[in-house]
2 protein chains.
Amino acid sequence: MSDVLSSTRSQILDAAEGLFARKGYDATTIKEIGRASGVNPALLYYYFAGKEDLYKAVLQRLFDTILSQGGAVLDGSVPPAEAIRRLLALQAEWLLARPNSYRLLVREMVDHDARHAQEVMLQMAAGPFQLLCRVIEQGQQSGAFRTDLEPRFAAVSTIAQVVYFFVFRPAVGIFFGQGPAGGADQTARDFARHAGEFALSALSPTGKTA
Amino acid sequence: MSDVLSSTRSQILDAAEGLFARKGYDATTIKEIGRASGVNPALLYYYFAGKEDLYKAVLQRLFDTILSQGGAVLDGSVPPAEAIRRLLALQAEWLLARPNSYRLLVREMVDHDARHAQEVMLQMAAGPFQLLCRVIEQGQQSGAFRTDLEPRFAAVSTIAQVVYFFVFRPAVGIFFGQGPAGGADQTARDFARHAGEFALSALSPTGKTA
DNA sequence: GTCTATAGGTGGATAGAC
DNA sequence: GTCTATCCACCTATAGAC
């Protein structure tokens, strides 16, 4: 602990986050993390119990910041429609700024059935997801949203769009004729705006976007 | 070729598909494929040029069948709204019956930026995806769908819901309080029906589901 | 706290008998 | 077509000097 929060430890976490996100857990080697962080590979075992412990620490650190900023936009102080617009815009900015997050999360789903991220997912369930469901229910009770949609299903449909866009960006890029790179960041922002209108149109009893 | 299509070759492909889908490309070993298929590991190099060649063959075989059945439901012989309902129901049945497909596809996105699946994605872009865009445009021109949504964006929002539900099933299961297993298959079918209504409500100028 | 060296195990791929 | 045996590279993790 020569630094405020042990600079060496942070360097290892930074490098590991990028490598785990890009290459996956199994394909990432200790020596690579050492090389990428500029830290001797053996030091990893000084700061962490092993490779898996490091992996869990990476997940924890990344999603701590998500959860801390998460529910702010859904706190009930804005009308439901505006809350949903802001949520999807925030989703896009967040995913643009932290491409590691959705890559790690997707890998965690298919590699380990979310086993290592179970705690974080429980916090998401009790936090942002439940808040979104409440926002939708609130809109339904006030007459702003149609009442024949199941709130939890509607919440999943709402958040699915932008996440899908990012995860399948290579495919979407090909679908849009932009190649596997998937177009500029502005395309993602444009899509997020569209996704907000799409969700609000789906939720609205009149088809107008409230 | 002692069999119609070389039974040994098929056995290798079957075992490799399951292992690549469950564990990923890197984590799957040649010896495991041999064990799971009941074929001597060295024979893999008789039938395929190597591990990567086998992987591409797996992708090709799996998505050949997708594409052959793909556009049938979108061929323009049914009204746009009904075509979209059928598409999402088909999507759910397809993903339920072939869990390897979305796992492999998602891995291909994050592991290789869809590099190995580029041909298949190009066929999807020129086939089912373009047909869905046409269906949406057709609905817009006939007045059944609102015209202020970009057809390609709307197509992505439409197909995103069910795919997200499957890929993030462990997370959705936790969100729904069903645990990481993600509930019964009927939940997926219920969600697919919801997704159809959600998309049609979003597309409809009146908010009714046509 | 940081390093070198290495143990112990497993990976993909090949040679060559049958 | 199928098998055994094996090469060589690389992995995680540890021992121990500094």
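Since the model is a prediction, treat every value here as computed from it, not as a measurement. All values below come from the heavy atoms of this structure, side chains included, with hydrogens, waters and symmetry mates left out. Lettering of chains follows the sequences in order, A, B, ..., and the numbering in each one begins at 1.
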Does any pair with a residue in residues 61-92 of chain B pass ring pair (Phe, Tyr, Trp, His ring centres under 6.0 Å), and if so which ones, sequence neighbours excluded?
-> none

Whole-Å distance, B:Leu43 CG to D:dT2 C1', equals 5 Å

Side-chain N or O of B:Thr8 less than 4.0 angstrom from OP1 or OP2 on D:dG1?
-> no

Residues 114-139 of chain B side chain polar contacts: donor-acceptor under 3.5 Å, at least two apart:
from	atom 1	to	atom 2	distance (Å)
B:Arg115	NE	B:His112	O	3.4
B:Arg115	NH2	B:His112	O	3.3

Is it the case that more than 12 heavy atoms not belonging to A:Arg193 sit under 6.0 Å from its CZ atom?
-> no

B:Phe48 CZ to C:dG12 C1', in whole Å, measures 16 Å

Test A:Asp111 against every option in B:Arg103, B:Lys23, B:Arg107 by the salt bridge (charged side-chain N to carboxylate O under 4.0 Å, His left out) rule and name the one that passes.
-> B:Arg107

Determine: side-chain N/O of B:Asn40 to OP1/OP2 of D:dT4, distance under 4.0 Å, yes or no.
-> yes

On a heavy-atom basis, the closest approach of B:Leu54 and B:Ile12 is CD1-CG2, 3.9 Å

Quick one: are B:Gln178 and B:Thr187 in side-chain contact, heavy atoms under 4.5 Å?
-> yes

May I ask you to evaluate whether B:Tyr46 reaches the phosphate of D:dC3, defined as a side-chain N or O under 4.0 Å from OP1 or OP2?
-> no

In residues 14-29 of chain A, which residues come under 4.0 Å of DNA chain C by heavy atom?
-> none

What does nucleotides 13-18 of chain C look like as a protein-contact string, B for base, S for sugar-phosphate only, - for none, at under 4.0 angstrom between heavy atoms?
-> BB----

When the side chains of residues 160-170 of chain B are checked against the rest of the protein, which donor-acceptor pairs come out under 3.5 Å, sequence neighbours left out?
from	atom 1	to	atom 2	distance (Å)
B:Gln161	OE1	A:Ser157	OG	2.7
B:Gln161	NE2	B:Ala195	O	3.4
B:Arg169	NH2	B:Ala184	O	3.3

Within residues 71-98 of chain A or reaching into it, pairs that qualify as ring pair (Phe, Tyr, Trp, His ring centres under 6.0 Å) - sequence neighbours excluded = none

